[in-house]
2 protein chains.
Amino acid sequence: MSATVREAPVIKVVPEPDDLPEPLPEPAVEDLRLETVLGALSDPLRLRIVQKLLLESEAFDHSCGWFGLDRPKSSLTHHFKALREAGVTRQRQYGLERRSHVRVADLDARFPGLLGLVAAWTPPDTA
Amino acid sequence: MSATVREAPVIKVVPEPDDLPEPLPEPAVEDLRLETVLGALSDPLRLRIVQKLLLESEAFDHSCGWFGLDRPKSSLTHHFKALREAGVTRQRQYGLERRSHVRVADLDARFPGLLGLVAAWTPPDTA
DNA sequence: CATGCAGTACGATTAAACTCGTACATAGGA
DNA sequence: TCCTATGTACGAGTTTAATCGTACTGCATG
């Protein structure tokens, strides 16, 4: 049954070195709004993106193509931007690529437990 | 500052007697979807409704007027219906009134920690 | 039985979001 | 230098949601 509650997964907190490109514009920690974050996470595709980042990401950020999402490029730009502007992810420009990671520390500080729910999410059949 | 994280509030679980009217149509526990619930909670007015139910409700359900929301009646109907259809609240018909309460046990079982975030939410200045 | 009250149902308007095609910008390699 | 790969910007079409006026239902009370 799909209603089973998974065990709490381990979410890695990736420390940030100092010599990284500046992040793209994003809300400050103290400006994060629960309703905005929930709105950003209320889309299955974006939930998928965040969950994959939480569960499968390495020590470095991940570019848009890493996710293997079968959508036009402009659609992906739209959703990654929505996540960043809501404060869920941070994006940095590495040459041509724009790489993302989840703002785990910030979100845990403001909305403890939220990322656990995302990590435990079961995607719908049609995704 | 508004970024302060509140202490975890106590959320009462209201037991349900047996002799109540049938609930209005709602999704079963196992059909609750995180993305749908988050979507329902991504609206400030609805977040306000749920939070007030969590923090201030008595042992009985509460009718629409109890919330003191300054909106047209038809708007309130819309939002209460949205919450119910997402599975956040349960509504029962008591004669003329339709009373609501949060499905605390169901939501805690499927999305542990979520209601704590709602209870700790700080409403925006303009509300 | 008429009035008031709680709330729904319906429909129109407006605003926002999703989706995606196309054109464009840039870095790196042959 | 030209080509390719990554990804953005812009704009249009479509869909979804919010807002709210109006009309309506049903109970309760005088």
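A note on names: the letters A, B, ... follow the listed sequences, proteins ahead of strands, and every chain is numbered from 1. Being a predicted model, the structure only gives us computed values, none of them experimental.
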Taking the side chain from [X] and the backbone from [Y], do they hold a donor-acceptor pair closer than 3.5 Å?
| X | Y | answer |
| --- | --- | --- |
| A:Arg84 | A:Pro25 | yes |
| A:Thr77 | A:Lys73 | yes |
| B:Arg110 | B:Leu32 | yes |

Neighbours of DNA chain C within residues 73-80 of chain A, by heavy-atom distance under 4.0 Å: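 Heavy-atom cutoff 4.0 Å gives A:Ser74, A:Ser75, A:His78, A:His79.
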Please give, in whole Å, the distance from [N] [atom2] to [X] [atom1]?
| X | N | atom1 | atom2 | value |
| --- | --- | --- | --- | --- |
| A:Arg92 | D:dG7 | CZ | C1' | 18 Å |
| B:Glu35 | D:dT16 | CD | P | 15 Å |
| B:Lys81 | D:dA18 | NZ | C1' | 14 Å |
| B:Arg48 | D:dA18 | CZ | C1' | 17 Å |
| A:Leu69 | D:dG7 | CG | C1' | 14 Å |

Leading and trailing nucleotides of DNA chain C with any atom under 4.0 Å from heavy atoms of chain B: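 Contact boundaries, 5' end first: C:dC5 to C:dA9.
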Touch class at under 4.0 angstrom, heavy-atom based, for B:Arg46 against every strand present: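 The residue B:Arg46 makes sugar-phosphate contact but no base contact.
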Salt bridge (charged side-chain N to carboxylate O under 4.0 Å, His left out): pairs with one or both residues in residues 35-44 of chain A, sequence neighbours excluded: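 Listed by first then second residue: A:Arg33-A:Glu35.
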